[in-house]
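Some notes on the structure that comes next.
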Amino acid sequence: MSFSALRRDGVMVILGPSSTAVPAVLHWGTDLGELSDNDLTEVRRAAIPAVPHSSVDVPRWLTLAPGGDDAWQGTPALALHRSGTVQYPRWADVTVRSGEFHCAVEASDSELGIAWSIELSLEVGGSLRVRQSVRNVSGGPLTVDGVVTLMPLPDTATELLDLTGRHCRERTPQRRRFDHGSTVRASRRGRTGHDATLVLTAGSEGFGFRDGEVWGAHVAWSGDHLHLAERLPERAGQASGVLGGGELLAPGEVVLQSGDTYTTPWVHFVYSAAGLDGSAQSLHRWMRSRPAHPTSPRPVVLNVWEGVYFDHDLTRLRGIADVAAHVGVERFVLDDGWFRHRRDDRAGLGDWQVDEGVWPDGLAPLFDHVRALGMSPGLWFEPEMVNLDSDIARAHPDWLLAAPGRIPLEWRHQLVLDLTRPEVFEYLLSAIDTVLTNEQPDYVKWDHNRDLMLAVDSDGRAAVHAQTSAFYRLLDALRSRHTRIEFESCASGGARIDLEVLEHTDRVWASDTNDPLERQRLQRWTTQLLPPELIGSHVGPQIAHTSGRWSTLQFRCLTSLFGHAGLEMDVTELAAEDHEYLRSWTSLYKELRGLLHTGNVVRADHPDPSVWVHGVVAADCSEAAYAVVRMDTSPEDRTDRVRLPGLDPIVRYRVEFVRELSDLGNGIALPPWIADGGVVELSGSMLARAGVALPVLFPQTGVLLRVQAV
């Protein structure tokens with residue numbers, strides 16, 4: 001084969017001949033510039049590894065489909081069998097089609113009757129999307145045990161970073177050495193999971209938000225999946241190790257009849273020479289380049305869940321809407337409890353008809369009132385789940401996603417509907433379509449409040465793959481019928497956040513916790529994958545319902561500002577001065593959202609772990625907004641000057657201390673620049689290298705700084 005070189009936005013991928021018919025990745029990393037054919041030949045020559053003792057007798061190569069045929073002894077790209085007979089393809093008839101930013105490789109093994117292909121697409125921002133397909137060309141049923149997409153890593157990638165978590169404490173980072181062996185994060189939850197890796201990152205020693213080389217992988221799939229990083233004593237051919245992932249398939253879950261094809265989810269690979277911020281910005285640029293990415297201003301949302309729970313009363317809800325409109329809310333969402341028999345979480349789920357006992361005239365009396373106030377209405381659904389105490393479960397007990405004759409453990413008093421059954425799919429499509437048509441909401445919050453356990457269909461076969469695909473189809477069918485409605489992905493908070501679900505929805509709910517201290521960490525790490533405009537971030541009550549922690553309205557508003565902002569409370573319970581504070585805050589959010597939802601996310605590597613600095617800088621570096629947050633106490637009595645990253649070093653900037661969202665601290669005296677008016681002018685270089693002094697802050701407080709070029 002010839003060489004293929006993809007270059008875009010500072011990243012380069014080079015494919016070239018290996019020891020087999022399948023190409024090898026000769027380079028994935030920084031852009032090496034224009035390379036001639038001779039240069040590419042020399043790149044390959046320079047990559048050919050030595051042959052040690054007690055090894056195969058030729059140089060090892062890591063190909064795009066590594067396995068035993070090219071002496072790869074790590075996790076194979078393909079695991080296949082026919083009736084227990086392992087299939088080890090030896091690919092031939094290889095064709096490579098290359099464009100400026102795309103490359104596709106096709107190959108086949110005529111003896112085994114299997115065809116394979118891989119597609120690589122270097123996207124805007126420099127992230128690389130890769131997916132594979134396996135086709136059963138001929139022969140008996142072909143069982144796909146696993147297809148993993150792997151990319152090479154250099155020996156400078158010595159550390160690993162991923163995320164874990166639980167309900168109301170998602171996105172907790174964990175870091176370790178990248179030593180010999182396999183680091184595998186496998187999710188068997190039937191959804192992305194509260195403990196989702198999001199991006200498995202390998203990096204140079206000590207990499208941070210602003211420094212170091214990093215290589216990341218994200219599996220864009222909302223069902224079972226795995227991420228892995230692997231390094232062996234034999235290395236990985238021309239590389240040191242591998243990074244990748246794919247769908248995690250249960251035994252017998254994907255069986256291809258003759259002529260059938262299995263296509264993997266997209267795996268997104270991202271490289272940055274400028275630390276984690278560079279990696280995040282690369283993914284954000286691609287997401288914002290998508291035709292379906294939300295472009296209208298992200299409205300201020302009020303969701304009534306923590307305000308009223310299941311206690312739906314028209315008079316009370318109208319009163320909440322009145323105050324919401326006064327404080328600047330633009331979208332009013334009616335959460336769980338509007339449908340038949342739903343007075344608590346033990347009954348009614350699955351009966352998608354408006355409860356005539358609570359809403360005798362339908363939802364129009366509330367939604368019309370909301371619209372008259374200048375807001376748009378939204379509505380909560382949880383279509384994939386069902387309570388046994390529901391009309392639909394009593395009428396159709398066989399509709400459960402469960403082994404024949406067995407009922408799984410309940411989770412939040414609910415079970416799962418089998419979306420793979422055509423009659424279930426059609427019922428949900430028809431019932432939800434009717435509600436959307438009759439009640440005319442502009443927004444749907446789509447929830448998914450449990451992991452899938454023992455997820456098998458009526459034939460007893462593993463069904464997470466088919467269930468996940470059916471979920472996407474159901475969403476798409478509803479969106480095609482209701483093109484003006486925006487959809488949110490929620491899964492008991494942040495348990496279904498991945499890049500594939502965002503091909504079918506317009507934002508995610510990051511977590512069920514509105515505790516601002518928890519939210520600081522959640523949002524800090526969710527932005528490693530998603531830009532802020534896709535991350536729902538709401539101001540909750542003074543005492544967080546999920547943690548019991550008390551916080552000021554000021555700190556809650558500062559935290560919510562850096563996302564798709566909103567409120568989650570009964571605003572009628574607040575004092576008049578709080579209403580006016582929220583009014584000024586929503587006004588500031590509307591003023592800043594053009595910046596916050598288009599600019600580059602930046603996070604500083606502050607030496608004091610109790611001080612977090614994050615912000616958004618305009619793409620042209622003309623303006624920025626930063627939050628500096630004191631998360632905890634510190635051994636030192638005050639923080640050093642705080643550096644503000646990401647600005648143009650030669651441009652002079654005006655830094656404003658925004659008092660409305662900033663704490664004045666507990667010190668005897670403020671820094672003079674704040675006390676004397678709260679404005680200072682410095683160059684971008686000075687702000688990034690020296691910084692500005694801030695008040696002595698208590699834990700769980702912060703400040704907002706606005707920066708504009710002068």
Side-chain angles (χ1 to χ4, degrees), residues 167-168 189-191 194 303-306 308-313 333-359 362-363 379-436 439 441 444-458 463-464 467-468 470-471 474-475 478 488-493 495-496 509 512 545:
H167 182 229
C168 294
R189 301 183 178 278
R191 55 180 179 172
H194 292 292
N303 187 298
V304 301
W305 175 242
E306 290 194 6
V308 303
Y309 290 106
F310 296 104
D311 184 16
H312 285 199
D313 175 80
V333 180
L334 184 66
D335 210 281
D336 194 357
W338 56 268
F339 47 96
R340 284 182 183 165
H341 318 304
R342 190 66 166 176
R343 304 282 57 81
D344 55 37
D345 63 359
R346 295 175 178 268
L349 200 58
D351 296 338
W352 298 113
Q353 298 87 29
V354 176
D355 192 322
E356 303 91 337
V358 180
W359 300 97
L363 302 179
L379 194 58
W380 179 95
F381 287 87
E382 191 175 3
E384 297 145 273
M385 304 302 162
V386 65
N387 291 126
L388 289 178
D389 185 4
S390 65
D391 292 343
I392 200 68
R394 282 185 286 271
H396 302 283
D398 57 329
W399 281 13
L400 298 179
L401 184 64
R406 297 188 178 188
I407 296 179
L409 292 172
E410 292 187 43
W411 182 311
R412 203 191 172 197
H413 316 296
Q414 64 192 44
L415 295 168
V416 185
L417 288 172
D418 185 355
L419 270 61
T420 71
R421 297 176 67 117
E423 61 271 32
V424 177
F425 187 98
E426 289 304 319
Y427 161 71
L428 290 172
L429 177 60
S430 175
I432 297 169
D433 176 52
T434 299
V435 173
L436 298 182
E439 308 301 338
V444 167
K445 179 178 180 179
W446 186 297
D447 214 339
H448 182 287
N449 274 308
R450 62 162 293 163
D451 288 353
L452 307 188
M453 298 182 298
L454 305 178
V456 297
D457 63 19
S458 57
V464 171
Q467 179 84 356
T468 305
F471 156 65
L474 181 58
L475 262 176
L478 289 166
E488 174 185 65
S489 171
C490 175
S492 45
R496 188 149 66 183
W509 183 228
D512 275 348
H545 290 194

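What you see is a predicted model, and the numbers here were worked out from it, not measured in a lab.
For the atom pair CG (L417) and CD (Q414), the distance works out to 10.0 Å, reported to the nearest 0.5 Å. Rounded to the nearest 0.5 angstrom, M385 CE and S492 OG are separated by 8.5 Å. Distance check: L409 CG to L415 CG gives 9.0 Å after rounding to the nearest 0.5 Å. Of the inter-residue distances, the one linking D433 atom CG with L474 atom CG reads 10.5 Å to the nearest 0.5 angstrom. Between the CG atom of L334 and the CH2 atom of W359 there is a distance of 5.5 Å, given to the nearest 0.5 Å.
A donor-acceptor contact shorter than 3.5 Å is absent between the side chain of R346 and the backbone of H413. Panel note: side chain R343, backbone G337; a donor-acceptor pair is recorded below 3.5 Å. Judged by distance alone, with hydrogens and angles left aside, the side-chain atoms of S390 form a donor-acceptor pair with the main-chain N or O of N387 at under 3.5 Å. Judged by distance alone, the side chain of D391 and the main-chain N or O of D351 form no donor-acceptor pair under 3.5 Å.
Counting only N and O atoms by type, the side chains of E382 and N449 include a donor and acceptor under 3.5 Å apart. Judged by distance alone, the side chains of W411 and D451 never bring a donor and an acceptor atom under 3.5 Å apart. Using modelled atom types and a 3.5 Å distance limit, the side chains of D355 and H341 yield no donor-acceptor pair. A donor-acceptor contact closer than 3.5 angstrom is absent between the side chains of T468 and R496. Judged purely by distance below 3.5 Å, without hydrogens or angles, the side chains of H448 and S489 never pair a donor atom with an acceptor atom. Side-chain contact annotation: E384 with Q467, donor-acceptor N/O pair under 3.5 Å absent.
The shortest side-chain heavy-atom distance between D418 and W399 does not fall under the 4.5 Å cut-off. Using a 4.5 Å cut-off on side-chain heavy atoms (C-beta onward), R340 and E356 make contact. Residues Y309 and E306 form a side-chain contact, since some pair of their non-hydrogen atoms from C-beta on lies under 4.5 Å apart. Contact check for L436 versus F381: side-chain heavy atoms found under the 4.5 Å cut-off.
In plain terms, the two heavy atoms of D335 and V304 that are nearest each other are N-CG2, 3.8 Å. Minimum interatomic distance between A470 and F425 (heavy atoms only, all atoms of both residues): O-CE1, 3.5 Å. Counting all heavy atoms, side chain and backbone alike, D512 lies closest to C490 at OD1-SG, 4.5 Å. Closest non-hydrogen pair, Y427 versus G350, comes out as OH-O, 2.5 Å. When every heavy atom of L401 is checked against every heavy atom of V456, the shortest pair comes out as CD1-O, 3.4 Å.
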**Message:** Using side chain to side chain contact (heavy atoms under 4.5 Å, CB included), reason through V354 and E439 one step at a time and then give a plain yes or no.
**Reply:** CA-CA 9 Å; V354 176; E439 308 301 338; 3.5 Å; yes
**Message:** Before you tell me yes or no, could you show the steps for V386 and L400 under side chain to side chain contact (heavy atoms under 4.5 Å, CB included), namely the whole-Å CA-CA distance, both residues' side-chain angles and the distance that decides it to 0.1 Å?
**Reply:** CA-CA 8 Å; V386 65; L400 298 179; 3.6 Å; yes
**Prompt:** Could you go step by step and tell me if L379 and K445 meet the side chain to side chain contact (heavy atoms under 4.5 Å, CB included) rule?
**Reply:** CA-CA 6 Å; L379 194 58; K445 179 178 180 179; over 6 Å; no
**Asked** Does the pair D389 and R394 meet the rule for a side chain to side chain contact (heavy atoms under 4.5 Å, CB included), with working shown?
**Response** CA-CA 7 Å; D389 185 4; R394 282 185 286 271; 2.8 Å; yes
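For the pairing with W380, the side-chain hydrogen bond (donor to acceptor under 3.5 Å, both in side chains) check across D336, D447, N303 returns one residue only, D447.
Aromatic ring orientation, W352 versus W338: tilted (interplanar angle from 30° to 60°). Ring orientation note: the planes of W305 and F310 are nearly perpendicular, at an angle over 60° on the 30°/60° scale.
Looking at R421 and D398, a side-chain N of the basic residue comes within less than 4.0 Å of a carboxylate O on the acidic one, giving a salt bridge. R450 and E410 are not joined by a salt bridge, as no carboxylate oxygen comes within less than 4.0 angstrom of a charged side-chain nitrogen.
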